[in-house]
Asks: 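Sharing a structure, written as structure tokens. Questions coming.
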Amino acid sequence: MSDLAHKLLQALDKAPVADTSVAFPDVESTVMLGALKSLASRSMVTYETKEEDYWVLTAEAEEIVEKGSHEMRLLEEVTKRVEGLKLSDVAKVLGASGKLGQQKAFKNGWVKKDGDKLVASVTSTPEDTTADDLKTIQATGTLGDAKELAELKKRKLVNKVKKVTYSVAKGPEFALEIQKLETDLTSDMLQNGSWKKLPFKPYNFNAEGAPTAAGALHPLTKVREEFRQIFFAMGFTEMATNQFVDSGFWNFDALFVPQQHPARDLQDTFYIKDPVKADEPEDKEYWAKVKQVHQDGAFGSIGYRYPWSADESLRLVLRTHTTAVSTKVLHQLAKDPKPARFFSIDRVFRNEAVDATHLAEFHQIEGVIADYGLSLGDLIGFMNRFFTRMGVKQLRFKPAYNPYTEPSLEIFAWHSGLNKWIEIGNSGMFRPEMLQAMGLPEGMQVHGFGLSLERPTMIKYGLSNIRDLVGHKVNLSFIENNAAVRLDEDLV
Ligand code: PHE
């Protein structure tokens, strides 16, 4: 324990300390506070904090206290000379102080002009109130005359400072000696029984504790987990999405996306250089049917009627949507068709220009529902239930186009913060020429919908630039400190 704490205890032994800055003028208030806190934690003292304003002199004012005010110094110079002080000599004799003193001395009526000279207009030495006031402030920290104080402040002779002092009294455990307090209860103490007598440092329940250097979940991970729970609660099964590279066949052809569709352009899709080609799909019959649907039409569709290329369908791509995964899962379902619900949340890639809201890779949240006799009304009803669970209560749907769904609907939500409708997703009923080619029965329909994971996450965390969420510019302390997620009203 510090010397200061001991000195404080000795002072208190005689009398309470009303003002620590008087009793210990050389001790800074922060240092004093440290000693007080440790003594108070042992209940050896109690203290109260007092904050008061006081005034200190500037360097110029200190000089005035020493040598007299500018106006007094001028008057002295003037009276020293029988013939007076030449106006042109004021600055020479008194420097900068001369000019300052001249004004004030005129105002006080101490000097007057006589031709080109200054002569005294008082016979005895007047009181130097400026210097006297400053002396008072130096001694007491303040001045009774508030107007004069304000004037001195204006003349930049005094400055206000805050002073923190403490009044201290004995506490219930007051003693002159400071006991060492134990901070740890050891097994030895328990075994030899010394714990019964040893003084322990009391718990500080206000201490915040040292932050532990632990890993943190990325906001995208947290929001994804919330979505997963919503899907599980609604009876969905998670699809395996651990394959970023897929063939054009599963990403496009099986989805009835024609081979000359702009989405398949280099500008929109990343193609793999090595290896260039995927293996042919195992289900040759299905492969042939997809070709037939595109080229000649089937299952009630007239097709696109172009020469379909097997090579094009075998080009390897970074999947552009998770619907590539859904398609594989539906193809699997066709072996034993029955009502089912699947979802996935994972990464997709698009060859897009990067800007504040777009990156070349992002996450898609996707759901598909297969059942007999589904209608568009069912899809809209489902969307309403799903988004209500996310906290999005007002939805609107707009007819849209996807090669693989008909009808297709864009999903808009009312954003109360932005005060407008914003697009949040895309959905539709998968086309019969896609589903029946897989072998799903005619009476079975499949709904699908997708949205990005980044968008609701950015809204949730109030981010306007996607680069604050993903990539090398992300502020790590944001990742470490951001709040837990509950999808609710404030999502949109
Ligand atoms: N694949 C669509 C997209 O990338 C989303 C979607 C999935 C639409 C399923 C309809 C059905 O936006």
Side-chain angles (χ1 to χ4, degrees), residues 1-59 61-62 65-66 133-144 149 153 158-216 476-477 480-481:
M1 189 60 63
S2 70
D3 262 6
L4 177 61
H6 279 113
K7 281 187 193 145
L8 195 61
L9 292 172
Q10 273 152 20
L12 283 173
D13 198 27
K14 289 174 207 122
V17 174
D19 186 337
T20 49
S21 72
V22 175
F24 300 91
D26 301 331
V27 179
E28 265 186 52
S29 68
T30 49
V31 176
M32 182 55 77
L33 182 62
L36 287 171
K37 273 190 171 164
S38 75
L39 290 174
S41 75
R42 295 168 149 83
S43 303
M44 295 175 76
V45 305
T46 60
Y47 67 94
E48 268 169 45
T49 308
K50 296 191 291 184
E51 256 191 38
E52 55 189 54
D53 292 336
Y54 71 105
W55 297 85
V56 289
L57 306 192
T58 62
E62 304 241 3
V65 168
E66 207 185 302
D133 286 347
L134 289 175
K135 275 180 204 154
T136 310
I137 293 169
Q138 196 178 43
T140 67
T142 188
L143 191 68
L149 191 59
K153 162 113 185 78
V158 293
N159 281 322
K160 190 156 82 175
V161 289
K162 267 207 181 331
K163 184 159 79 172
V164 182
T165 71
Y166 306 92
S167 64
V168 194
K170 285 182 184 175
E173 301 292 327
F174 179 83
L176 280 177
E177 281 314 305
I178 302 165
Q179 262 187 325
K180 183 177 170 289
L181 295 183
E182 301 294 338
T183 50
D184 295 306
L185 181 65
T186 65
S187 55
D188 276 353
M189 293 175 189
L190 290 171
Q191 264 164 14
N192 62 28
S194 63
W195 65 273
K196 286 183 206 157
K197 289 197 200 92
L198 285 169
F200 284 92
K201 193 170 182 187
Y203 279 114
N204 176 3
F205 292 107
N206 296 321
E208 293 198 323
T212 47
L476 273 185
S477 66
E480 282 159 7
N481 300 326

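Numbers for residues simply follow the sequence, beginning at 1.
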Asks: Do you know which two heavy atoms are closest between A175 and M44, and how far apart they sit?
Replies: O-CE, 3.4 Å
Asks: Excluding sequence neighbours, so at least two apart, what forms salt bridge (Lys or Arg N to Asp or Glu O under 4.0 Å) with K196?
Replies: none
Asks: With S187, which residues qualify under side chain to side chain donor-acceptor pair (under 3.5 Å), at least two apart?
Replies: none
Asks: Please enumerate all residues that pass side chain to side chain donor-acceptor pair (under 3.5 Å) together with K197, with sequence neighbours excluded.
Replies: none
Asks: How would you list all residue pairs meeting ring pair (Phe, Tyr, Trp, His ring centres under 6.0 Å) that involve residues 169-201, not counting sequence neighbours?
Replies: none
Asks: Determine whether more than 12 heavy atoms belonging to other residues, nucleotides or ligands lie under 6.0 Å from atom NZ of K163.
Replies: yes
Asks: What's the spacing between L134 CG and T58 OG1 if we round to 0.5 Å?
Replies: 8.0 Å
Asks: Start with the C-alpha distance between I178 and L39, add both sets of side-chain angles, then the distance that settles side chain to side chain contact (heavy atoms under 4.5 Å, CB included), and finish with yes or no.
Replies: CA-CA 8 Å; I178 302 165; L39 290 174; 3.9 Å; yes
Asks: Can you tell me how far the OG1 atom of T136 sits from the CG atom of L143, to the nearest 0.5 Å?
Replies: 6.0 Å
Asks: Near K37 NZ, under 6.0 Å, is it more than 12 heavy atoms from other residues, nucleotides or ligands?
Replies: no
Asks: My understanding is that only residues two or more places apart in sequence, or in another chain, count here; which of them pass side chain to side chain donor-acceptor pair (under 3.5 Å) with S194?
Replies: N192
Asks: Please output the side-chain donor-acceptor pairs of residues 23-33 that fall under 3.5 Å, not counting sequence neighbours, one pair per line with the distance.
Replies:
none

Asks: For Q138, give me all partners under side chain to side chain contact (heavy atoms under 4.5 Å, CB included), at least two apart in sequence or on another chain.
Replies: L57, E62, V65
Asks: Considering residues at least two apart in sequence or located in another chain, which fulfil the side chain to side chain donor-acceptor pair (under 3.5 Å) criterion with D188?
Replies: none
Asks: For D53, enumerate each residue passing the side chain to side chain contact (heavy atoms under 4.5 Å, CB included) test, keeping only those at least two apart in sequence or located in another chain.
Replies: K160, K162
Asks: With sequence neighbours left out, what residues match N481 under side chain to side chain contact (heavy atoms under 4.5 Å, CB included)?
Replies: S477
Asks: Do the side chains of Y54 and V161 get nearer than 4.5 Å, heavy atoms only?
Replies: yes
Asks: Indicate the atoms forming the closest heavy-atom contact of V158 with L149, along with that distance.
Replies: CG2-O, 4.2 Å
Asks: Is any side-chain heavy atom of L9 closer than 4.5 Å to a side-chain heavy atom of K170?
Replies: no
Asks: Which pairs of donor and acceptor atoms, one on a side chain in residues 14-22, lie under 3.5 Å apart (sequence neighbours left out)?
Replies:
unit_1, atom_1, unit_2, atom_2, d
D19, OD1, S21, N, 2.9
D19, OD1, S21, OG, 2.7
D19, OD1, T165, OG1, 3.4
T20, OG1, Y166, N, 3.0
T20, OG1, Y166, O, 3.4

Asks: Can you list everything that forms a side chain to side chain contact (heavy atoms under 4.5 Å, CB included) with S43? Sequence neighbours excluded, please.
Replies: P172, E173
